Amino acid sequence: MTISGNLKNGVFVGPSLDGRGGMEQLARLYKTYFNVLYLPTNSPRGTFVGFFILVLTCIRLPFYRYNHKILHIHVASGKSFFRKAFIALYGRCLGYKIILHSHAGDLPQFVEKAGKPLAKTVFSMANVIIALSPYWKNYFENTLNCKNVVVVPNFSDAVLVDKKEKRDNKIHFLYLGVLTKDKGVDLLLKAYKDVSEKFPDKTQLVIAGSGKLYKWMKEYSECEIGHGEVVFTGWVDCEERNTLLNNADVVVLPSNYECQPMALIEGMASGCGIIATRVGGISDMVKHDVNGLLVDYGNIDNLAQAIAKYIECPDLIGRHKVENQKRSYSYTPTVVSTILNDVYAGL
(Lines give C-alpha, C1' and ligand atoms only; values in the text may rest on other atoms or scores of the structure.)
Protein backbone atom coordinates (compact mmCIF):
# COMPACT_ATOMS: atom_id res chain seq x y z
CA MET A 1 0.00 0.00 0.00
CA THR A 2 1.30 3.44 -0.89
CA ILE A 3 0.28 6.97 -0.10
CA SER A 4 -3.13 7.90 -1.48
CA GLY A 5 -5.67 10.69 -1.57
CA ASN A 6 -5.35 13.56 0.86
CA LEU A 7 -2.52 12.09 2.95
CA LYS A 8 0.04 13.55 0.54
CA ASN A 9 -0.86 16.97 2.00
CA GLY A 10 0.57 16.08 5.43
CA VAL A 11 3.94 16.20 7.09
CA PHE A 12 4.18 13.55 9.81
CA VAL A 13 6.26 14.43 12.87
CA GLY A 14 7.05 11.88 15.56
CA PRO A 15 9.65 9.73 17.31
CA SER A 16 12.73 8.27 15.69
CA LEU A 17 12.02 5.40 13.34
CA ASP A 18 14.93 3.56 14.96
CA GLY A 19 13.26 3.34 18.39
CA ARG A 20 11.78 0.18 19.89
CA GLY A 21 8.56 1.33 21.54
CA GLY A 22 5.00 0.87 20.30
CA MET A 23 4.79 4.48 19.13
CA GLU A 24 7.98 4.03 17.09
CA GLN A 25 6.64 0.78 15.67
CA LEU A 26 3.47 2.54 14.54
CA ALA A 27 5.51 5.37 13.00
CA ARG A 28 7.38 2.83 10.88
CA LEU A 29 4.07 1.34 9.75
CA TYR A 30 2.79 4.76 8.65
CA LYS A 31 5.99 5.32 6.71
CA THR A 32 5.87 1.84 5.14
CA TYR A 33 2.19 1.58 4.28
CA PHE A 34 1.41 5.19 3.35
CA ASN A 35 4.86 6.48 2.31
CA VAL A 36 4.22 9.69 4.22
CA LEU A 37 6.76 12.47 4.54
CA TYR A 38 8.08 11.73 8.03
CA LEU A 39 10.30 13.91 10.22
CA PRO A 40 11.73 12.63 13.55
CA THR A 41 12.16 14.82 16.64
CA ASN A 42 14.47 12.66 18.77
CA SER A 43 17.08 9.92 18.58
CA PRO A 44 17.69 6.62 20.43
CA ARG A 45 21.36 7.65 20.50
CA GLY A 46 20.74 10.16 23.27
CA THR A 47 19.59 13.67 24.12
CA PHE A 48 22.52 15.44 22.45
CA VAL A 49 21.93 13.80 19.05
CA GLY A 50 18.17 14.11 19.53
CA PHE A 51 18.47 17.87 19.99
CA PHE A 52 20.15 18.26 16.61
CA ILE A 53 17.51 16.03 14.99
CA LEU A 54 14.82 18.31 16.43
CA VAL A 55 16.62 21.43 15.18
CA LEU A 56 16.98 19.91 11.71
CA THR A 57 13.26 19.14 11.60
CA CYS A 58 12.45 22.73 12.59
CA ILE A 59 14.71 24.03 9.81
CA ARG A 60 12.98 21.82 7.23
CA LEU A 61 9.37 22.61 8.17
CA PRO A 62 9.15 26.08 6.55
CA PHE A 63 10.32 24.64 3.21
CA TYR A 64 7.80 21.80 3.24
CA ARG A 65 5.00 24.28 3.89
CA TYR A 66 4.96 25.22 0.18
CA ASN A 67 3.58 21.79 -0.80
CA HIS A 68 1.99 20.58 2.44
CA LYS A 69 -0.71 22.22 4.51
CA ILE A 70 -1.11 19.75 7.41
CA LEU A 71 1.31 19.06 10.24
CA HIS A 72 0.42 15.67 11.73
CA ILE A 73 2.16 15.42 15.12
CA HIS A 74 2.43 12.15 17.06
CA VAL A 75 2.64 12.99 20.75
CA ALA A 76 3.12 11.03 23.99
CA SER A 77 3.75 12.31 27.53
CA GLY A 78 6.87 13.58 29.30
CA LYS A 79 9.57 15.06 27.07
CA SER A 80 7.61 14.08 23.97
CA PHE A 81 4.71 16.28 25.09
CA PHE A 82 6.88 19.37 25.48
CA ARG A 83 8.76 18.79 22.22
CA LYS A 84 5.54 18.37 20.30
CA ALA A 85 3.92 21.36 22.02
CA PHE A 86 6.74 23.50 20.65
CA ILE A 87 6.39 21.93 17.20
CA ALA A 88 2.63 22.57 17.23
CA LEU A 89 3.11 26.24 18.13
CA TYR A 90 5.86 26.60 15.53
CA GLY A 91 3.70 24.89 12.91
CA ARG A 92 0.78 27.22 13.56
CA CYS A 93 3.09 30.20 13.06
CA LEU A 94 4.12 28.71 9.71
CA GLY A 95 0.50 28.38 8.65
CA TYR A 96 0.05 24.62 8.97
CA LYS A 97 -3.22 23.03 10.01
CA ILE A 98 -2.35 21.04 13.15
CA ILE A 99 -3.27 17.45 14.01
CA LEU A 100 -2.23 16.19 17.44
CA HIS A 101 -2.25 12.39 17.46
CA SER A 102 -2.10 11.19 21.07
CA HIS A 103 -0.36 7.94 22.06
CA ALA A 104 0.06 8.57 25.80
CA GLY A 105 -1.32 5.70 27.86
CA ASP A 106 -0.36 7.61 31.01
CA LEU A 107 -1.93 10.88 29.83
CA PRO A 108 -4.25 11.26 32.86
CA GLN A 109 -1.31 10.82 35.26
CA PHE A 110 0.82 13.22 33.21
CA VAL A 111 -1.93 15.84 33.09
CA GLU A 112 -2.35 15.53 36.85
CA LYS A 113 1.34 16.38 37.32
CA ALA A 114 1.71 19.00 34.58
CA GLY A 115 -1.67 20.60 35.22
CA LYS A 116 -4.88 20.69 33.20
CA PRO A 117 -4.43 24.33 32.10
CA LEU A 118 -1.18 23.44 30.33
CA ALA A 119 -2.67 20.35 28.68
CA LYS A 120 -5.75 22.27 27.55
CA THR A 121 -3.59 25.05 26.13
CA VAL A 122 -1.46 22.64 24.11
CA PHE A 123 -4.33 20.57 22.74
CA SER A 124 -6.33 23.72 21.94
CA MET A 125 -3.69 24.52 19.30
CA ALA A 126 -4.88 21.52 17.27
CA ASN A 127 -7.41 21.76 14.47
CA VAL A 128 -8.03 18.05 15.02
CA ILE A 129 -7.11 15.76 17.91
CA ILE A 130 -6.76 12.07 17.11
CA ALA A 131 -7.70 9.66 19.90
CA LEU A 132 -7.02 5.96 19.51
CA SER A 133 -10.33 4.71 20.91
CA PRO A 134 -13.71 5.86 22.29
CA TYR A 135 -12.26 5.76 25.82
CA TRP A 136 -9.67 8.37 24.92
CA LYS A 137 -12.11 10.46 22.88
CA ASN A 138 -14.28 10.64 25.99
CA TYR A 139 -11.25 11.68 28.06
CA PHE A 140 -10.33 14.52 25.71
CA GLU A 141 -13.89 15.79 25.44
CA ASN A 142 -15.02 15.49 29.04
CA THR A 143 -11.80 15.98 31.02
CA LEU A 144 -9.86 18.40 28.83
CA ASN A 145 -12.92 19.98 27.16
CA CYS A 146 -11.41 19.47 23.71
CA LYS A 147 -13.36 19.74 20.48
CA ASN A 148 -12.82 18.17 17.05
CA VAL A 149 -11.70 14.81 18.47
CA VAL A 150 -11.66 11.94 15.96
CA VAL A 151 -11.05 8.25 16.70
CA VAL A 152 -8.35 6.70 14.50
CA PRO A 153 -7.17 3.28 15.75
CA ASN A 154 -3.67 1.91 15.59
CA PHE A 155 -3.04 -0.78 12.99
CA SER A 156 -0.69 -3.70 12.61
CA ASP A 157 1.18 -5.64 9.95
CA ALA A 158 0.78 -8.90 11.87
CA VAL A 159 -0.33 -11.65 9.51
CA LEU A 160 -3.74 -13.25 9.93
CA VAL A 161 -2.83 -16.88 10.51
CA ASP A 162 -4.35 -20.28 10.95
CA LYS A 163 -2.67 -21.80 13.96
CA LYS A 164 -0.36 -24.72 13.35
CA GLU A 165 -1.25 -28.03 14.84
CA LYS A 166 -0.11 -28.13 18.43
CA ARG A 167 3.19 -29.91 18.86
CA ASP A 168 2.68 -30.56 22.56
CA ASN A 169 -0.01 -30.47 25.22
CA LYS A 170 1.16 -27.17 26.70
CA ILE A 171 -0.68 -23.85 26.70
CA HIS A 172 1.72 -21.25 25.33
CA PHE A 173 1.57 -17.74 26.80
CA LEU A 174 3.36 -14.80 25.15
CA TYR A 175 4.37 -11.35 26.39
CA LEU A 176 5.50 -8.80 23.77
CA GLY A 177 6.97 -5.47 24.85
CA VAL A 178 9.44 -3.56 26.93
CA LEU A 179 10.41 -5.10 30.27
CA THR A 180 9.54 -2.48 32.89
CA LYS A 181 7.43 -2.36 36.04
CA ASP A 182 4.82 -0.19 34.29
CA LYS A 183 4.17 -3.12 31.96
CA GLY A 184 3.56 -5.44 34.93
CA VAL A 185 6.00 -8.11 33.75
CA ASP A 186 7.34 -8.63 37.26
CA LEU A 187 3.79 -9.40 38.38
CA LEU A 188 3.34 -11.71 35.41
CA LEU A 189 6.29 -13.86 36.48
CA LYS A 190 4.99 -14.11 40.05
CA ALA A 191 1.51 -15.08 38.86
CA TYR A 192 2.97 -17.60 36.41
CA LYS A 193 5.05 -19.16 39.19
CA ASP A 194 1.87 -19.87 41.17
CA VAL A 195 0.05 -21.31 38.17
CA SER A 196 2.94 -23.46 36.95
CA GLU A 197 3.13 -25.14 40.36
CA LYS A 198 -0.53 -26.17 40.04
CA PHE A 199 -0.14 -27.32 36.41
CA PRO A 200 3.39 -28.72 36.18
CA ASP A 201 4.79 -29.17 32.67
CA LYS A 202 1.56 -27.95 31.04
CA THR A 203 2.58 -24.37 30.28
CA GLN A 204 5.19 -22.25 28.56
CA LEU A 205 5.70 -18.50 28.94
CA VAL A 206 7.68 -16.63 26.27
CA ILE A 207 8.96 -13.16 27.19
CA ALA A 208 9.83 -11.23 24.01
CA GLY A 209 11.42 -7.87 24.73
CA SER A 210 14.21 -6.05 26.50
CA GLY A 211 14.39 -3.47 29.24
CA LYS A 212 15.42 -2.63 32.79
CA LEU A 213 13.92 -5.79 34.31
CA TYR A 214 15.50 -8.26 31.89
CA LYS A 215 18.29 -9.42 34.21
CA TRP A 216 16.04 -9.63 37.28
CA MET A 217 13.40 -11.57 35.38
CA LYS A 218 15.89 -14.15 34.10
CA GLU A 219 17.32 -14.66 37.57
CA TYR A 220 13.85 -14.88 39.14
CA SER A 221 12.62 -17.44 36.61
CA GLU A 222 15.75 -19.59 37.00
CA CYS A 223 15.56 -19.57 40.81
CA GLU A 224 11.82 -19.54 41.48
CA ILE A 225 10.00 -21.18 38.58
CA GLY A 226 10.71 -24.87 38.42
CA HIS A 227 7.55 -26.35 36.94
CA GLY A 228 6.80 -24.07 33.98
CA GLU A 229 9.07 -23.30 31.08
CA VAL A 230 10.06 -19.61 30.69
CA VAL A 231 11.80 -18.52 27.49
CA PHE A 232 13.45 -15.12 27.02
CA THR A 233 14.00 -14.12 23.39
CA GLY A 234 15.19 -10.54 23.78
CA TRP A 235 13.91 -7.98 21.29
CA VAL A 236 12.46 -9.53 18.12
CA ASP A 237 11.95 -8.26 14.57
CA CYS A 238 8.67 -8.53 12.66
CA GLU A 239 9.38 -11.96 11.22
CA GLU A 240 10.38 -13.39 14.61
CA ARG A 241 7.34 -11.75 16.19
CA ASN A 242 5.01 -13.38 13.68
CA THR A 243 6.54 -16.78 14.40
CA LEU A 244 6.05 -16.29 18.15
CA LEU A 245 2.45 -15.19 17.61
CA ASN A 246 1.76 -18.17 15.40
CA ASN A 247 3.01 -20.51 18.12
CA ALA A 248 1.25 -18.70 20.97
CA ASP A 249 -2.13 -19.55 22.45
CA VAL A 250 -2.56 -16.47 24.65
CA VAL A 251 -1.03 -12.98 24.64
CA VAL A 252 -0.63 -11.47 28.12
CA LEU A 253 -0.31 -7.74 28.84
CA PRO A 254 -0.65 -6.87 32.58
CA SER A 255 0.20 -3.15 32.25
CA ASN A 256 -0.34 -0.29 34.67
CA TYR A 257 -1.46 1.96 31.82
CA GLU A 258 -1.91 1.65 28.06
CA CYS A 259 -3.28 3.74 25.22
CA GLN A 260 -4.03 1.13 22.54
CA PRO A 261 -1.31 -1.53 22.71
CA MET A 262 0.15 -2.92 19.51
CA ALA A 263 0.77 -6.28 21.21
CA LEU A 264 -2.98 -6.83 21.63
CA ILE A 265 -3.76 -5.82 18.04
CA GLU A 266 -1.10 -8.29 16.88
CA GLY A 267 -2.45 -10.98 19.20
CA MET A 268 -5.98 -10.46 17.87
CA ALA A 269 -4.84 -10.74 14.26
CA SER A 270 -2.98 -13.93 15.10
CA GLY A 271 -5.97 -15.61 16.71
CA CYS A 272 -4.68 -15.65 20.28
CA GLY A 273 -6.60 -15.45 23.50
CA ILE A 274 -5.88 -12.32 25.51
CA ILE A 275 -5.22 -11.52 29.15
CA ALA A 276 -4.96 -7.79 29.83
CA THR A 277 -5.62 -5.20 32.50
CA ARG A 278 -8.65 -2.92 32.68
CA VAL A 279 -6.70 0.24 31.85
CA GLY A 280 -6.88 2.95 29.19
CA GLY A 281 -8.23 1.91 25.83
CA ILE A 282 -7.92 -1.83 26.47
CA SER A 283 -11.57 -2.12 27.50
CA ASP A 284 -12.54 -0.85 24.03
CA MET A 285 -10.55 -3.72 22.51
CA VAL A 286 -11.18 -6.60 24.90
CA LYS A 287 -14.55 -7.60 26.30
CA HIS A 288 -14.25 -9.87 29.30
CA ASP A 289 -15.06 -13.49 28.50
CA VAL A 290 -15.95 -12.55 24.90
CA ASN A 291 -12.54 -12.23 23.24
CA GLY A 292 -10.26 -12.28 26.26
CA LEU A 293 -9.99 -12.02 30.02
CA LEU A 294 -9.60 -8.69 31.84
CA VAL A 295 -7.84 -8.41 35.19
CA ASP A 296 -7.09 -5.66 37.70
CA TYR A 297 -3.59 -4.20 37.55
CA GLY A 298 -1.41 -5.24 40.49
CA ASN A 299 -3.65 -8.13 41.52
CA ILE A 300 -1.40 -11.18 41.19
CA ASP A 301 -4.15 -13.58 42.27
CA ASN A 302 -6.50 -12.14 39.65
CA LEU A 303 -3.81 -12.53 36.97
CA ALA A 304 -3.00 -16.09 38.06
CA GLN A 305 -6.70 -17.02 37.92
CA ALA A 306 -6.95 -15.75 34.34
CA ILE A 307 -3.87 -17.75 33.30
CA ALA A 308 -5.27 -20.84 35.01
CA LYS A 309 -8.65 -20.41 33.30
CA TYR A 310 -7.11 -20.77 29.85
CA ILE A 311 -5.24 -23.88 31.03
CA GLU A 312 -8.34 -25.44 32.58
CA CYS A 313 -10.61 -24.48 29.66
CA PRO A 314 -8.55 -24.77 26.44
CA ASP A 315 -11.74 -24.57 24.37
CA LEU A 316 -11.88 -20.94 25.49
CA ILE A 317 -8.85 -20.22 23.32
CA GLY A 318 -10.70 -21.41 20.21
CA ARG A 319 -13.74 -19.26 20.96
CA HIS A 320 -11.62 -16.19 21.60
CA LYS A 321 -9.55 -16.88 18.47
CA VAL A 322 -12.61 -16.63 16.24
CA GLU A 323 -13.83 -13.45 17.92
CA ASN A 324 -10.41 -11.79 17.88
CA GLN A 325 -9.77 -12.45 14.23
CA LYS A 326 -13.13 -10.85 13.43
CA ARG A 327 -12.33 -7.81 15.55
CA SER A 328 -8.83 -7.47 14.11
CA TYR A 329 -10.25 -6.14 10.85
CA SER A 330 -10.96 -2.89 12.69
CA TYR A 331 -7.20 -2.38 13.09
CA THR A 332 -5.97 -2.48 9.49
CA PRO A 333 -4.23 0.04 7.21
CA THR A 334 -7.34 0.20 5.02
CA VAL A 335 -9.55 1.32 7.89
CA VAL A 336 -7.01 3.91 9.06
CA SER A 337 -6.44 5.25 5.53
CA THR A 338 -10.17 5.77 5.00
CA ILE A 339 -10.62 7.71 8.25
CA LEU A 340 -7.49 9.82 7.79
CA ASN A 341 -8.37 10.76 4.22
CA ASP A 342 -11.69 12.10 5.49
CA VAL A 343 -9.95 14.01 8.29
CA TYR A 344 -7.44 15.55 5.88
CA ALA A 345 -10.20 16.46 3.41
CA GLY A 346 -11.94 18.45 6.14
CA LEU A 347 -8.91 20.63 6.92
Side-chain angles (χ1 to χ4, degrees), residues 20-22 25 154 156-180 183-193 195-196 199 201-211 213-214 217-218 220-221 225 227-255 258 260-277 282 285-286 291-295 303-304 306-311 313-314 316-321 323-325 327-328 331:
R20 286 183 165 181
Q25 179 185 357
N154 286 338
S156 170
D157 60 347
V159 180
L160 286 164
V161 297
D162 289 323
K163 295 293 189 183
K164 296 176 181 177
E165 286 188 22
K166 289 188 71 66
R167 295 167 296 179
D168 54 41
N169 63 350
K170 294 181 179 180
I171 303 298
H172 296 257
F173 296 88
L174 172 64
Y175 170 86
L176 288 166
V178 67
L179 307 184
T180 63
K183 291 292 186 178
V185 284
D186 54 329
L187 308 177
L188 172 57
L189 274 188
K190 293 174 182 177
Y192 183 72
K193 174 181 180 292
V195 174
S196 64
F199 303 94
D201 303 317
K202 291 188 177 181
T203 64
Q204 182 194 61
L205 172 62
V206 176
I207 306 288
S210 59
L213 291 183
Y214 183 83
M217 292 179 69
K218 286 207 73 173
Y220 181 90
S221 63
I225 302 176
H227 298 283
E229 183 182 3
V230 182
V231 177
F232 291 86
T233 68
W235 202 262
V236 295
D237 61 23
C238 290
E239 186 176 344
E240 293 168 326
R241 176 207 63 192
N242 287 340
T243 299
L244 292 175
L245 286 165
N246 193 26
N247 292 330
D249 296 303
V250 181
V251 168
V252 189
L253 190 67
S255 305
E258 289 286 353
Q260 189 179 71
M262 297 294 290
L264 295 193
I265 295 175
E266 292 160 355
M268 291 167 72
S270 301
C272 294
I274 290 173
I275 297 173
T277 40
I282 288 179
M285 305 172 70
V286 182
N291 66 314
L293 300 175
L294 293 175
V295 300
L303 181 55
I307 296 171
K309 186 169 183 177
Y310 273 120
I311 298 170
C313 308
L316 195 61
I317 297 170
R319 296 203 301 273
H320 290 176
K321 167 189 173 179
E323 186 63 30
N324 275 321
Q325 290 197 317
R327 288 170 179 254
S328 70
Y331 306 99

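Given the structure is predicted, the values throughout are model-derived calculations rather than measurements.
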Rounded at 0.5 Å granularity, tell me how far CD in E258 sits from CD in Q260. 10.5 Å
For the residue pair T180 and V185, establish whether any side-chain heavy-atom pair is separated by less than 4.5 Å. no
Just how far is it from atom CG of N291 to atom CE of M285, taken to the nearest 0.5 Å? 9.0 Å
Give me the atom names and distance for the closest heavy-atom approach of E229 to Y192. O-OH, 3.3 Å
Less than 4.5 Å apart, side chain to side chain, heavy atoms only: is that true for H172 and N247? no
Using every non-hydrogen atom in the two residues, find where S156 and I265 come nearest and quote the distance to one decimal. CB-CG2, 3.5 Å
As an exercise, state the distance from CG of L264 to OH of Y331, rounded to the nearest 0.5 Å. 9.0 Å
Spatial distance of atom CG (L174) from atom CD (Q204) [nearest 0.5 Å]: 9.5 Å
Which atom names give the shortest non-hydrogen contact between Y310 and G292, and what distance separates them? OH-CA, 3.6 Å
Separation between CD1 (I171) and NZ (K202), nearest 0.5 Å, reads 9.5 Å
Would you call R20 and V178 a side-chain contact if the rule is heavy atoms closer than 4.5 Å? no
Show the numbers, then the answer: is there a side chain to side chain contact (heavy atoms under 4.5 Å, CB included) between V236 and T243? CA-CA 10 Å; V236 295; T243 299; over 6 Å; no
Do W235 and S210 touch side chain to side chain, with heavy atoms closer than 4.5 Å? yes
Using the side chain to side chain contact (heavy atoms under 4.5 Å, CB included) rule, take R241 and Q25 through it: C-alpha gap first, then chi angles, then the decisive distance, then the call. CA-CA 13 Å; R241 176 207 63 192; Q25 179 185 357; 3.4 Å; yes
When you compare the side chain of C272 with that of N324, does any pair of heavy atoms fall below 4.5 Å? no
Any side-chain heavy-atom pair of F173 and I311 under 4.5 Å: yes
Quick one: closest heavy-atom pair of V251 and A263, and the distance? CG1-O, 4.0 Å
Please report the closest heavy-atom contact between K183 and Y175, naming both atoms and the distance. CB-OH, 3.2 Å
Side chain to side chain contact (heavy atoms under 4.5 Å, CB included) between H320 and I274, intermediate numbers included: CA-CA 8 Å; H320 290 176; I274 290 173; over 6 Å; no
Worked verdict on N242 versus D157 for side chain to side chain contact (heavy atoms under 4.5 Å, CB included): CA-CA 9 Å; N242 287 340; D157 60 347; 5.7 Å; no
Taking all atoms of both residues into account, what is the closest heavy-atom pair of S255 and T277, and its distance? O-OG1, 2.7 Å
Any Lys/Arg nitrogen of R327 or E323 sitting under 4.0 Å from an Asp/Glu carboxylate oxygen of the other? yes
Going by side chain to side chain contact (heavy atoms under 4.5 Å, CB included), L188 matches just one of I275, L253, I307. Which one? I307
Would you say S221's side chain and K218's backbone share a donor-acceptor pair under 3.5 angstrom? yes
Kindly indicate whether the side chain of I225, heavy atoms from C-beta on, has any atom under 4.5 Å from the side chain of S196. yes
